[in-house]
Protein chains: 2
Amino acid sequence: MLRTATCGQLSLQNLGETVTLSGWVQKSRDLGGMTFIDLRDRYGLTQLVFNMDDHAELCAQARQLGREFVIQVSGTVIERTNKNPKMPTGEIEIKTTSLTILNAAKLPPFLIEDDTDGGDELRMKYRYLDLRRNPVRSNLVLRHKMAQSIRRYLDALDFIEVETPVLIKSTPEGARDFVVPSRMNPGEFYALPQSPQTFKQLLMVSGFDRYFQIVKCFRDEDLRADRQPEFTQIDCEMSFIEQEDILNTFEGLVRSLFRDLKGIELPEVPRMQYADAMRLYGSDKPDTRFGMQFVELNDLVKGKGFGVFDSAELVVGINAKGAASYTRKQLDELTDFVKKPQIGATGLIYARYNEDGTIKSSVDKFFDEAALAQWATAFAGEKGDLFLVLAGPKEKVRKQMNELRLEMGNRLGLRDKNTFAALWVVDFPLLEWDEESGRYHAMHHPFTSPKPEDIALLDSQPGEVRANAYDMVINGTEIGGGSIRIHDRALQSLMFKHLGFSPEEAQQQFGFLLDAFEYGAPPHGGIAFGFDRLSSIFAGLDSIRDVIAFPKNNSGRDVMIDSPSTIDQKQLDELKIRSTVV
Amino acid sequence: MLRTATCGQLSLQNLGETVTLSGWVQKSRDLGGMTFIDLRDRYGLTQLVFNMDDHAELCAQARQLGREFVIQVSGTVIERTNKNPKMPTGEIEIKTTSLTILNAAKLPPFLIEDDTDGGDELRMKYRYLDLRRNPVRSNLVLRHKMAQSIRRYLDALDFIEVETPVLIKSTPEGARDFVVPSRMNPGEFYALPQSPQTFKQLLMVSGFDRYFQIVKCFRDEDLRADRQPEFTQIDCEMSFIEQEDILNTFEGLVRSLFRDLKGIELPEVPRMQYADAMRLYGSDKPDTRFGMQFVELNDLVKGKGFGVFDSAELVVGINAKGAASYTRKQLDELTDFVKKPQIGATGLIYARYNEDGTIKSSVDKFFDEAALAQWATAFAGEKGDLFLVLAGPKEKVRKQMNELRLEMGNRLGLRDKNTFAALWVVDFPLLEWDEESGRYHAMHHPFTSPKPEDIALLDSQPGEVRANAYDMVINGTEIGGGSIRIHDRALQSLMFKHLGFSPEEAQQQFGFLLDAFEYGAPPHGGIAFGFDRLSSIFAGLDSIRDVIAFPKNNSGRDVMIDSPSTIDQKQLDELKIRSTVV
């Protein structure tokens, strides 16, 4: 070893010991006849001291060292006069007696410090330098610890991690598959998995009983919205269970992660029906760190002569507690917010419950003091509250109000990154109508089982059929989702029919799974968590990029290694493909 | 849960309990008024008993169940009269009171038993059924436990598991890269990694200090010799270390795996120089479960008038202890063996050290009793031994003798699957001459550092330069290899020059790594183990196929899902590529 201790290890207990350390020069200061260097490695910082009086040559050498030089030093652990209580090694320093430069360093293009001066692009290009910074590296250490904790939890419950193939088969559903030409099978292609869904179901048919895998998945789609072409799932499946068992098992996983990694004892995770989530929050992934639930006002406000309300399918409001003091300017900002094209409301109605007990609204012409008092009751309003109301078509206005609610949550400081509210959303619809293709699509995927009592509706009211499907949501972000699967060939064929597959198409694409269902498939179900997203929530980050060591940018490019790139004609010839880009 | 206990769990301690079990019908026997069913799940077998007298209808229903039906039963745990001491649950049975068929099953195409009647092809097509068989499933359970054990060991030593990208950049070295067309960057391609080599080195430059990853890698090459297009590596890298530290750390990993998984206390792993391995075993991966080291006979046998020996570069023999009693027929078989085209010897010379003390050889014409006595001394021979000798060009004859030695090891029963001999082979050559391209290639990879004392030879005798490179070998199989890396830009550039890269090519392909070396790269090195191979050795298997859940065949095809396959023209159009196969 080129060291006897790391830079995060020594304390007063080591006084007088002769040690060897290796690491990077974080910074260096000359003070009179002394030179102090902070030596850095993954484990911490240790102060080195060089003394011109004792070792003139050594000290002169130390003064030549630049930032990020890699050095090895030996010396004696001594007590510091100027102790730094913020550093774990802050009570000691190394009186240096030898110095070797292991590698010199050019001046980095940005500061290797917690607060850096490097822009996004520069830091992506020199990702290996950005990864030296504590905040970035500690995200990846956290991610490693989470993975270890997840594996421990699942292993203890008899889950087996099984690696499923990365080179699989493209499906027509998989319009966003990455494909891989096969040299040995010219003209044919593998696809990279969007998830190991069918393989984990086959493992249940094989009697594996409890499977998991922390696994890379791939999706070739536009990378808006903080997505990456390759992402990591915690993929799980169980046999001989019902929905309740899955919810309990994986609620346990998430709670154990919070306990292990953050020392937080998460309360039992509440469950909410999809329909209620939409009604109360206008979203299937409500942020439940704060209340501010929707209040539907149709009964109260219709027929008072206000056209906007009278013609609306839904009039819905929220109570922004304590915001009655908002200025005209602040209210205008909110109106501008909901009118933004991506939100698309036509206007915002508000009512202030003033401290003097009066209620003043933007629609006083139609609603007198008594009517507004009824509003206040509906909102469970108190003096000082602000009621914000939107009206319009039900689905649209719920989405708009969801955005407004989250905005108010931000403005009122109700969305603290160190507070965690988890939620199960259950009873999702099985199918959703797709305008573009003019047919129903599976809301989760084609293997999700309908609720038995709803199967009869498949023909008459397909949109009303509920699925045995569930999502886990933390702080308004979906971190995982799954379902109880179909394990019966006839029902699976029926589902494919309803999704517009001909029997031939179904057999060609999923024949192996349909066949497998005929050889004794057990009841089973599972869940997949987005590990990047989960890590970013634990790290308190808005983006998944900084929990990924080498992420790609919004164009799917790795700017550090300059990939993707063109390849040799010879290679294309061997693969029997040709690029049609000129 | 659809069960209160698994099929491997109940014993006399549970007598009288009412339980619910779920699983597969393994087999069923009718005995008078009774029906016995072995119910199977991942955890074991439990005997169910149905009694015509008590529950006629239930018993009749049970008699309708076919093999592999999935059922749920409830009943009482009772003591068996006919105990089966071989089964963990063999002292009890379930007196069944209710039965639900969870799924019917067609008759499987082969027997789901430890010894099956299914051929390879059939079992690959119905892999999900083959995985039901105990021997196959237990391999994957073993593999899971090994992965957990590896992660525990490395985590305890401060290694961090970091996921590196799967969509990376193709290199001209990577003639066997799988490539992936990018939809967002038409005309450009990603490549799948043959190993995360450059990324793990960048993580060292980033100060991660200790990295590992159990990770899928990919190689698009002919699949002879038990290879798979996707395979799994245990990939590791450390900073501020020397070769000795790597050997100790990962010898520790392997020994801890043997302790955890097999209860075997492996002795310290011996180290052997590459040159010695070639001289004593004719192989860089000698099987050291048995001795039978090569004895070089040049000094002893030349100049006695036997042309074959006199003209040979090397005369080399082994002592097959106790094989003097081999019949003429057996010796002819050995001669035929070494003359096989893939081995290519021209003949085999032998000498028997008979029990009566005489020595008789196939070359008695040239070697009298006294000369043969000298042979015996050289071989440390005893009565009953058989000496086998080959002659020819050094490299060739060593390879031939390696094959013969392994064959004799097999014949003499010296290669027991339950005996494990690990070995470090060290000091590999840095470069090897490639006839085809007429230049030197890196024996490990271009990032391997030469031994400092040999750098001077790079220009004059490149073939003599030794590398800081090492392989771990178990029972004659290379299970891992690695090296101390170059961490200096100038030396890395020199290596690229010697490998025939122009400075421009080196910069274009590995510019990011060369650049990284200028910003303070620490001394570092690492190793990668083949996890499939390691698992197969632990499982006592000859092939890696049965430690992989869904392997591909020799043509790189997954015959279960029928992949690779053709894809839609529309998909090709979107990717801006065309197949040139008509």
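Chain letters run A, B, ... following the sequence lines, proteins first, then strands; residues in each count from 1.
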Counting only N and O atoms by type, is there a donor-acceptor contact under 3.5 Å from the side chain of [X] to the main-chain atoms of [Y]?
| X | Y | value |
| --- | --- | --- |
| B/Arg132 | A/Val205 | yes |
| B/Glu161 | A/Ala147 | no |
| A/Lys576 | B/Val581 | no |
| B/Glu518 | A/Lys106 | no |
| B/Arg152 | A/Gln148 | no |
| B/Ser563 | A/Ile168 | yes |
| B/Asn103 | A/Ala521 | yes |

Task: Option passing side chain to side chain contact (heavy atoms under 4.5 Å, CB included) with A/His144 (candidates B/Phe212, B/Phe208, B/Phe159, B/Tyr211) - done: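 Going through B/Phe212, B/Phe208, B/Phe159, B/Tyr211 one by one, the side chain to side chain contact (heavy atoms under 4.5 Å, CB included) with A/His144 is satisfied by B/Phe212 alone.
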Task: Qualifying residue for side chain to side chain contact (heavy atoms under 4.5 Å, CB included) with B/Phe189, from A/Thr566, A/Leu575, A/Leu572 - done: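 Only match with B/Phe189 under side chain to side chain contact (heavy atoms under 4.5 Å, CB included): A/Leu572.
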Task: Atom of B/Ser22, atom of A/Phe240 and distance for their closest heavy-atom approach - done: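 Minimum heavy-atom separation between B/Ser22 and A/Phe240: CB-CD2, 3.3 Å.
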Which of the residues [options] is involved in the greatest number of heavy-atom pairs with chain B at under 4.5 angstrom?
| options | answer |
| --- | --- |
| A/Asp558, A/Thr232, A/Asp130 | A/Thr232 |
| A/Leu202, A/Val162, A/Thr6 | A/Leu202 |
| A/Gly23, A/Pro523, A/Ser565 | A/Ser565 |
| A/Ile112, A/Val141, A/Val70 | A/Val70 |
| A/Asp488, A/Leu203, A/Val136 | A/Leu203 |
| A/Leu129, A/Val215, A/Leu131 | A/Leu131 |

Would you say [X] and [Y] make side-chain contact, with heavy atoms under 4.5 Å?
| X | Y | answer |
| --- | --- | --- |
| B/Ile577 | A/Thr580 | no |
| A/Leu192 | B/Leu167 | yes |
| A/Ser170 | B/Gln571 | yes |
| B/Lys552 | A/Pro165 | yes |
| B/Pro181 | A/Pro181 | yes |
| A/Val179 | B/Ile567 | yes |

Quick one: of [options], who has the most non-hydrogen atom pairs under 4.5 Å with chain A?
| options | answer |
| --- | --- |
| B/Ile241, B/Leu102, B/Asn185 | B/Asn185 |
| B/Ala104, B/Gly187, B/Ala191 | B/Gly187 |
| B/Ala549, B/Gly511, B/Pro109, B/Pro522 | B/Pro522 |
| B/Ser239, B/Gly207, B/Pro108 | B/Gly207 |
| B/Lys125, B/Arg210, B/Lys145 | B/Arg210 |
| B/Glu242, B/Glu230, B/Arg127 | B/Glu230 |

Does the distance from a Lys or Arg side-chain N to an Asp or Glu carboxylate O, for [X] and [Y], drop under 4.0 Å?
| X | Y | value |
| --- | --- | --- |
| B/Asp177 | A/Arg183 | no |
| B/Arg557 | A/Glu188 | yes |
| B/Asp245 | A/Arg3 | no |

Task: Euclidean distance, B/Ile214 CD1 relative to A/Ile214 CD1, rounded to 0.5 Å - done: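 Result: 10.5 Å between the selected atoms.
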Task: Between CD on residue B/Glu163 and CZ on residue A/Arg143, distance to nearest 0.5 Å - done: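 Here the interatomic distance stands at 4.0 Å.
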TODO: Say whether B/Asp515 and A/Tyr128, considering side chains only, have a donor N or O and an acceptor N or O under 3.5 Å apart.
DONE: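 No, no side-chain donor-acceptor pair sits under 3.5 Å.
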Counting only non-hydrogen atoms closer than 4.5 Å, does [X] touch chain B with its backbone (N, CA, C, O), its side chain (CB onward), both, or neither?
| X | result |
| --- | --- |
| A/Asp158 | both |
| A/Lys216 | side chain |
| A/Val166 | both |
| A/Asp562 | both |
| A/Pro186 | both |
| A/Phe231 | neither |

Open item on the list: Once ring pair (Phe, Tyr, Trp, His ring centres under 6.0 Å) is applied, do any residues pair with A/Phe199, and if so which ones, sequence neighbours excluded?
Closed with: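 Partners of A/Phe199 by the ring pair (Phe, Tyr, Trp, His ring centres under 6.0 Å) criterion, ordered by chain and then number, come out as B/Phe550.
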TODO: Would you please name every residue forming a ring pair (Phe, Tyr, Trp, His ring centres under 6.0 Å) with A/Tyr126, sequence neighbours left out?
DONE: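 Ring pair (Phe, Tyr, Trp, His ring centres under 6.0 Å) check on A/Tyr126 returns B/Tyr519.
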TODO: Please look at B/Tyr43 and chain A and tell me whether the side chain, the backbone, both or neither of the residue comes under 4.5 angstrom of a heavy atom of that chain.
DONE: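 For B/Tyr43, the contact with chain A is made by the side chain alone.
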